[in-house]
Amino acid sequence: MDLPWPDLLLPCSPSWRCLDRFSLLDEEVEDEHGQVACWPLLQHVLRQPVTTTAQLIDVLDTITNTIHGSSGAACDFGTLIEAVEHHRDTFFSRLWPTLVRLSLKLPDLFPGGSIPPLRPGDRLSLTRDMVGSLVAHQFLCTFQSPPWLDGYHDFGIWYGSEQRHIQAVQMYLTALFSYFEEFSLGSTPQSVDGLVEFSLHAFDESALLLPGDWQHVRLGKLNVVHVKAFSTEQQELAYQGNDRAVVVSANKDIGFGQSATQEEVFMGNCPEACPAVLFTPTLQNDQILAINGARPMLRILGQRRELSWEKLAPDRRRGGRMLLMDALEVDEAEDSAALLPDLKPGNMQREMRKAYTAFSSWKGGDADAPAVSTGLWGCGAFNGDPGTKVLLLWMAASLAGKELHLLCDDSQREFADKCERFVERVSSSGWNVEDLEGCLKGVPAGVGRWQTMDWLLENVHA
């Protein structure tokens, strides 16, 4: 169901007014309520010289207190100060002037002063300069939080000293500074072409074959890919080519954050993806967000507490297609004698529709079989069952005409080996999608999480 969300109001909008808390403008520009237009005030603040961290924090604090009434999540700016000092050779001479230039382009790039929220079927294509200006304002913390979010819409969450995963935040600031570095010569790098596209896709009942027709759809190819550790290589265009995509295990409120889940790593590594939080409402059960062309700045290895990274060479900073899709959040407290929540018909239908919507959201190019890479979607913090999820993803990919590449790291090697055995058994027998659905429906109550693949290997003989 579409919700009547308001447009995102940009700070250059004539209707955005605020209090001139520090009396920076002449009194005659105030209205009868003592308010002034936000944009002239912001222009005035950004004209101040910034050559030291103290001056930088003064500008940022003035902006956030004027617009939000406090310093917000930034608090003492301790982590930002450390990052700036680490990049002192370039920050004040190149990065800050670039950031200011990008931010002041906003009214020229968005003359309407607003951006409508994405609705199902919408595609928002932005030039590199348009995205860069929005990212600059996320750095400056000028945006109001969208009504569907509680904070986490700008980069102020990375600025304060109190961080629950300081290494992750340092990594995101490194990616952000690398991004502004690319603009520091005065223009978008000539090696970068194309647009950044954000598209919201909803399940189309008419596009999916009815379950009774699934017997006519042969299972597509499923490759189990063993990796030493997960990395962000899968979001790079050099890895994907024009025909692939990568699943990003997202929250229903998509976005970046302060830790190192897959979604936060993939989004934080691509500053051009970050404005999506400003105009993407909460994902409904039949919706996914696709982001195409957002460029990664780093190659990140690992997740959560085990992280390392290196800067990508400029010619490798080309972004592919990311499919942000939230999985079912399963209650951890389940009766051990009951049917797995993942196997309940309504839940299986929900996950199938979500995955099919994602996998059918683009057409392949020249490849014989376009492919999608995924980890064990929804099997971490969302507590999903890996065996069930893999089979549902395989069914959805087959119906959408895509190959499925399942990525498993060393910690999942045992499951990966079992999965490979099952895939080989089923594939050699020419099974169709309906056959695989029958397998899942046959899993009895009492089979627990992580036990589904064992049950299938013991009881399914193709």
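- No donor-acceptor pair under 3.5 Å is formed between the side chain of Q235 and the backbone N or O of P296.
- Not a single ring-ring contact (aromatic ring centres under 6.0 Å, His included) links F359 to another residue, sequence neighbours left out.
- Within the 4.5 Å cutoff, no side-chain heavy atoms of L42 are placed close to those of T66.
- Looking at S103, its side chain never comes within 3.5 Å of a backbone N or O of S133 through a donor-acceptor pair.
- Distance alone, capped at 3.5 Å, is enough to place a donor-acceptor pair between the T280 side chain and the A276 backbone.
- Applying the side-chain hydrogen bond (donor to acceptor under 3.5 Å, both in side chains) definition to pairs two or more places apart or across chains, those involving residues 39-54 are T51-Q55.
- Contact record, D409 with K228: CB-O, 4.0 Å, taken as the closest heavy-atom pair.
- Atoms CD and CG, from Q349 and N285 in turn, are 10.5 Å apart once rounded to the nearest 0.5 Å.
- Remark: E85 engages R88 in a salt bridge (charged side-chain N to carboxylate O under 4.0 Å, His left out) (not counting sequence neighbours).
- Although no hydrogens or angles enter the test, the distance criterion places a donor-acceptor pair under 3.5 Å between the side chain of R449 and the main chain of N383.
- Between F155 and F143, a ring centre-to-centre spacing not shorter than 6.0 Å is recorded.
- Remark: side-chain polar atoms of K354 are paired, donor with acceptor, to backbone N or O of Q287 under 3.5 angstrom.
- Every salt bridge (charged side-chain N to carboxylate O under 4.0 Å, His left out) that R350 has, sequence neighbours left out, goes to D326.
- Taking CZ from R295 and CD from E182, the interatomic distance works out to 4.5 Å, rounded to the nearest 0.5 Å.
- Side chain of N65 to backbone of D61: a donor-acceptor contact under 3.5 angstrom is found.
- Looking at residues two or more places apart in sequence or on another chain, you find a side-chain hydrogen bond (donor to acceptor under 3.5 Å, both in side chains) between T142 and H137.
- Smallest separation of non-hydrogen atoms from W16 and L9: CZ3-O, 3.3 Å.
- Residues meeting the side-chain hydrogen bond (donor to acceptor under 3.5 Å, both in side chains) test with H153, sequence neighbours left out: none.
- The closest donor-acceptor contact from the side chain of D154 to the backbone of G156 lies under 3.5 Å.
- In this structure, R244 does not pair ionically with E403, as no charged nitrogen and carboxylate oxygen lie closer than 4.0 Å.
- L56 and F92 make their closest contact through CB-CE2, 4.4 Å (heavy atoms, listed as atom of the first residue, atom of the second, distance).
- Across all their heavy atoms, A175 and M297 have their closest contact at O-CG, 3.3 Å.
- In this structure, the salt bridge (charged side-chain N to carboxylate O under 4.0 Å, His left out) partners of K389, at least two apart in sequence or on a different chain, are D342, E351.
- Panel note: side chain S398, backbone G220; a donor-acceptor pair is recorded below 3.5 Å.
- Residues forming a ring-ring contact (aromatic ring centres under 6.0 Å, His included) with H87 (at least two apart in sequence, or on another chain): F177.
- To the nearest 0.5 Å, the span separating SG on C38 from CD1 on I63 amounts to 9.0 Å.
- By the 30° and 60° cut-offs, the orientation of the rings of F183 relative to Y179 is perpendicular.
- The side-chain hydrogen bond (donor to acceptor under 3.5 Å, both in side chains) search around T388 returns D385, not counting sequence neighbours.
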Listing, residues 250-259 side-chain donor-acceptor contacts under 3.5 Å, not counting sequence neighbours, or none:
| unit_1 | atom_1 | unit_2 | atom_2 | d |
| --- | --- | --- | --- | --- |
| N251 | ND2 | E263 | OE1 | 3.0 |
| D253 | OD1 | T282 | OG1 | 2.5 |
| Q258 | OE1 | Y152 | OH | 2.8 |
| Q258 | OE1 | R164 | NH1 | 3.2 |
| Q258 | NE2 | I157 | O | 2.8 |
| Q258 | NE2 | Q163 | OE1 | 3.2 |
| S259 | OG | E264 | OE1 | 2.5 |
| S259 | OG | E264 | OE2 | 3.4 |

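- Taking each heavy atom of D7 and P117 in turn, the nearest pair found is OD1-CD, 3.5 Å.
- Around atom CD of Q167, more than 12 heavy atoms belonging to other residues, nucleotides or ligands sit under 6.0 Å away.
- With sequence neighbours left out, F230 forms a ring-ring contact (aromatic ring centres under 6.0 Å, His included) with no residue at all.
- Side chain of T90 to main chain of R94: no donor-acceptor pair is present (N/O by atom type, distance under 3.5 Å, no hydrogens or angles).
- For Y159 (side chain) and F139 (main-chain N/O), a donor-acceptor pair under 3.5 Å exists by modelled atom type.
- Dense packing is recorded around CZ of R299, with more than 12 heavy atoms of other residues, nucleotides or ligands lying under 6.0 Å away.
- Residues satisfying the salt bridge (charged side-chain N to carboxylate O under 4.0 Å, His left out) test with E197, not counting sequence neighbours, are R123.
- With hydrogens and angles left out, the side-chain atoms of T127 and D129 include no donor and acceptor closer than 3.5 Å.
- The minimum heavy-atom distance linking F198 with A273 is given by the pair CE2-O, 3.9 Å.
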